[in-house]
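Read the structure below first, then the notes.
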Amino acid sequence: MAKQGKQKQQQGKKAKTAISPTRAEDYPEWYQQVIKAAELAEASPVRGCMVIKPWGYAIWEHVQATLDRMFKETGHVNAYFPLFIPKSYLEKEAEHVEGFATECAVVTHHRLEPGPDGTLVPGGELAEPLIVRPTSETIIGEVYAKWVQSYRDLPILINQWANVVRWEKRPRLFLRTTEFLWQEGHTCHATREEAVEETLKMLDVYETFARDWMALPVIKGEKTPEERFPGAVDTYTIEAMMQDRKALQSGTSHFLGQNFSKAANILFLDRDGEQKLVWTTSWGVSTRLIGALIMTHSDDDGLVLPPKLAPSHIVILPVLRGDAPDEVTAFCEALATDLRAQTYHGAPVRVLVDNRDLRGGEKTWQHVKKGVPIRLEIGPRDVKEGAVFMGRRDKGVKEKSSVPRDEFVAQATTILDEIQQALLDRALAYREENTRVIDDLEEFKAYFTPKNVDKPEPHGGFAHCYSAGGPEVVEICRELKVSARCIPVGVEEEPGTCLFTGKPAARRVIFAKAY
RNA sequence: CGGGGCGUGGCUCAGCCUGGUAGAGCGCUGCGUUCGGGACGCAGAGGUCGAAGGUUCAAAUCCUUUCGCCCCGACCA
């Protein structure tokens with residue numbers, strides 16, 4: 001007994017948090033452990049490629065469903081283009097080739113033939129190698145060239161949900177994997193103005209989605225020339241701050257000008273009888289968003305999910321060991337039915353009754369680690385009182401309270417909204433705390449220099465600085481492992497002096513360490 | 001592609017220096033005791049020690065080669 005007590009105490013001390021190490025101890029390792037504990041994904045036999053597990057995929061499905069609806073509300077339709085791109089297509093846009101050449105998977109053969117010792121060797125060499133799409137501008141451009149004849153064919157507003165492959169040197173689950181899932185919108189317009197408008201409109205869609213669904217505050221901005229998409233005229237981004245204060249580019253929207261229409265010869269006959277090149281855009285978000293979600297909200301007890309995207313909003317945990325298990329089961333089922341009859345942002349409340357034959361404590365912790373917004377523990381006592389014992393994932397695990405059953409049913413969607421809002425507020429406050437205006441180069445350097453160089457602690461954040469851009473700026477930043485994240489859009493500003501070069505600078509740029 | 005590290009049951013690892021033919025904890029299965037909070041006892045299943053050569057009476061252990069993985073950098077949604 002004494003031994004047990006002692007062990008328990010030690011365990012209690014050691015395992016104060018469900019995730020080890022904690023964010024403060026080792027942030028990158030914490031991130032991996034959260035993914036593992038929440039059963040979001042795991043490494044696969046193929047280097048750089050991950051298996052997205054049901055819980056993680058369900059989140060992606062909610063992301064997809066919501067964005068898909070938003071795209072359609074803004075006039076877009078879905079289509080699907082080939083996985084393979086002829087090498088010659090990729091070669092047509094000079095900057096584009098240069099940008100992607102080093103990370104392409106290349107298919108050179110179309111069959112396998114018997115080799116020595118029962119092995120198989122590639123046979124049937126292709127006349128022209130096929131590239132597994134790293135992005136689809138080129139092939140879609142070729143197709144659009146056939147579709148577009150007249151100004152009456154414009155605009156073309158198409159999105160595709162697809163997988164792409166970029167042979168990354170250093171993969172990280174969700175943040176940077178060799179194969180990843182995404183959507184890519186590709187549009188053609190008759191005028192420059194219209195294309196620019198489309199680019200910014202989709203950036204707004206992304207911002208809205210991030211804020212209202214993911215509870216992710218983002219900064220809309222324009223990329224500096226160094227950070228621009230290969231082949232784009234202007235690249236816009238939504239940048240989010242993770243809890244280690246690094247920036248994560250969470251979505252992009254590109255104004256491609258006529259670069260790709262030139263390459264693919266997308267011509268139309270305008271009203272004035274002139275042959276003209278169309279203006280194109282492209283925009284995308286990927287499974288990286290899940291990485292953003294994890295690193296923005298989760299804590300040392302695991303994943304924390306914004307209710308709107310949570311695979312389950314509410315988990316009911318029946319305590320069946322008491323004297324009236326049948327009554328408890330019936331109570332839980334009836335409760336689930338009543339909750340599912342509620343509508344939360346256009347869909348029924350998602351309720352899971354966890355009847356698995358596991359001990360209560362362990363079961364509870366599993367759902368904590370998976371980030372389920374509301375947990376209801378229900379035993380004979382609650383049944384007798386007509387109450388539920390509620391825990392919220394945005395509060396402490398031990399911070400639980402008894403709520404009358406009917407009151408809870410009536411309030412459930414309101415509570416979910418509260419949690420959603422609390423996550424957004426918290427993330428926004430964190431970003432504000434770790435953002436500053438810097439006009440002194442030494443301060444800039446100090447801000448981005450960790451105390452522990454070998455294993456950097458979370459430091460720095462977003463720095464708003466005047467910058468004239470150019471190689472000097474890039475060089476100073478490179479030494480600090482900092483980069484220009486974006487030039488915020490929609491912010492009025494006085495011109496100033498470049499922090500790095502002393503040259504005149506039109507406006508402030510956000511600098512940060514980044515993923 | 002550079003620089004470090006590691007490959008031993010499902011997972012985390014010990015054993016290797018000083019060769020003698022495989023261990024622990026967790027997990028898993030069964031039984032029992034527990035149970036409103038990450039339980040405990042007993043019994044059990046599970047490994048050709050990354051792969052291929054070599055040295056040796058004998059190799060997880062020594063030598064050579066090779067493959068794979070992880071971390072740290074340069075490239076990136």
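Residue numbering restarts at 1 for every chain, and letters A, B, ... go by the order of the sequence lines.
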For A:Lys400, which contact category applies under a 4.0 Å heavy-atom criterion: base, sugar-phosphate, or nothing?
base
Partner of B:A22 by Watson-Crick or G-U wobble geometry, both contacts under 3.5 Å, or none?
none
Whole-Å distance separating the CD atom of A:Gln249 from the C1' atom of B:C75:
14 Å
Whole-angstrom distance between B:C40 and B:G27, as gauged at atom P
8 Å
With P as the reference atom in both, quote the distance from B:G50 to B:A60 in angstrom, rounded to an integer.
10 Å
Have a look at A:Trp283 and tell me which of A:Glu198, A:His254, A:Glu184 forms a side chain to side chain contact (heavy atoms under 4.5 Å, CB included) with it.
A:Glu198
Please determine whether a side-chain nitrogen or oxygen atom of A:Gln33 lies at a distance below 4.0 Å from atom OP1 or OP2 of B:U12.
no
Considering heavy-atom distances to RNA chain B, does A:Gly379 or A:Tyr515 have its closest nucleotide positioned more toward the 5' end?
A:Gly379
Name the nucleic acid region contacted by A:Leu317, choosing base, sugar-phosphate or nothing; use a 4.0 angstrom heavy-atom cut-off, strictly under.
nothing
B:C16 and B:C6: how far apart are their P atoms, nearest whole angstrom?
14 Å
Between A:His254 and A:Ala43, who's closer to the 5' end of RNA chain B by nearest nucleotide?
A:Ala43
Nearest-Å distance once atom C1' is located in both B:U56 and B:C62
10 Å
Given B:G37, B:G38, B:C75, which nucleotide is nearest the side-chain atoms of A:Lys369?
B:G38
In whole angstroms, how far is the C1' atom of B:G37 from the CD atom of A:Gln366?
13 Å
When both hydrogen-bonding distances must be under 3.5 Å and the geometry is Watson-Crick or G-U wobble, what is B:C62 paired with, if anything?
B:G54
How long is the line joining CG of A:Asp357 and P of B:G37, in whole Å?
18 Å
Once you apply a heavy-atom cut-off of 4.0 Å, does A:Ser483 come out as touching a base, just sugar-phosphate, or nothing?
nothing
Carboxylate-amine/guanidinium contact A:Asp338 A:Arg405, below 4.0 Å:
yes
Could you tell me whether A:Thr364 contacts a base, only the sugar-phosphate backbone, or nothing, with contacts defined as non-hydrogen atoms closer than 4.0 Å?
nothing
For B:G73, the Watson-Crick or wobble partner whose two distances fall under 3.5 Å:
B:C1
Quick one: does A:Lys169 reach the base of B:G2 with a side-chain donor-acceptor pair under 3.5 Å?
no
State the pairing partner of B:U34; accept Watson-Crick or G-U wobble contacts with both distances under 3.5 Å, and report none otherwise.
none
With the side chain defined as heavy atoms from C-beta on, A:Arg478 is closest, among B:C76, B:G36, B:A74, to B:A74
Does B:C76 have OP1 or OP2 under 4.0 Å away from a side-chain N or O of A:Arg176?
no
Contact class for A:Gln32 (heavy atom, under 4.0 Å): base, sugar-phosphate, or nothing?
sugar-phosphate
Could you please name the option among B:A77, B:A39, B:G38 that lies closest to any side-chain atom of A:Arg359?
B:A39
Under the 5.5 Å and 30° test, is A:Phe180 stacked on the base of B:A77?
yes
Give a yes/no on whether any side-chain N or O of A:Arg170 is located under 4.0 angstrom from OP1 or OP2 of B:G73.
yes
Please step through salt bridge (charged side-chain N to carboxylate O under 4.0 Å, His left out) for the pair A:Lys363 and A:Glu377, ending with a clear verdict.
CA-CA 10 Å; A:Lys363 211 193 271 188; A:Glu377 297 166 11; over 6 Å; no
Tell which nucleotide pairs with B:A43, taking only Watson-Crick or G-U wobble pairs whose two distances are both under 3.5 angstrom.
B:U29
Quote, to the nearest angstrom, the P distance that separates B:A51 from B:A77.
40 Å
Expressed in whole Å, how much space separates the P atoms belonging to B:G15 and B:G23?
16 Å
Under the 3.5 angstrom rule, does the side chain of A:Glu333 hit a backbone N or O of A:Ala330 as a donor-acceptor pair?
no
Would you mind reading off the distance between A:Lys481 atom NZ and B:C75 atom P, rounded to a whole angstrom?
12 Å
Atom CD of A:Glu103 to atom C1' of B:A74: distance rounded to whole Å?
13 Å
Has A:His76 got a side-chain atom pairing as donor or acceptor with A:Thr74's backbone, closer than 3.5 angstrom?
yes
Counting only distance, no hydrogens or angles, is the base of B:G37 paired donor-acceptor with the side chain of A:Glu377 under 3.5 Å?
yes
I'd like to know if the side chain of A:Glu142 and the backbone of A:Ala264 have a donor-acceptor N/O pair within less than 3.5 Å.
no
For B:C70, take OP1 and OP2 only and decide whether either is under 4.0 Å from a side-chain N or O of A:Arg47.
yes
Can you tell me, in whole Å, how much space there is between the P of B:U8 and that of B:A52?
15 Å
Can you tell me how far C1' of B:C71 sits from OH of A:Tyr27, to the nearest Å?
19 Å
Looking at A:Tyr89, does the NZ or CZ of A:Lys92 lie under 6.0 angstrom from its six-membered ring centre and within 45 degrees of the ring axis?
yes
Would you check if the side chain of A:His297 reaches a backbone N or O of A:Ala215 as a donor-acceptor pair within less than 3.5 Å?
yes
Between P on B:G27 and CD on A:Glu39, what's the gap in Å once rounded to a whole number?
15 Å
Assign A:Phe100 to base, sugar-phosphate, or nothing according to its heavy-atom contacts below 4.0 angstrom with the strands shown.
nothing
Measure from CE on A:Met390 to P on B:G37 and round the result to the nearest Å.
19 Å
Span that lies between the C1' atom of B:G53 and that of B:A59, in whole angstrom
13 Å
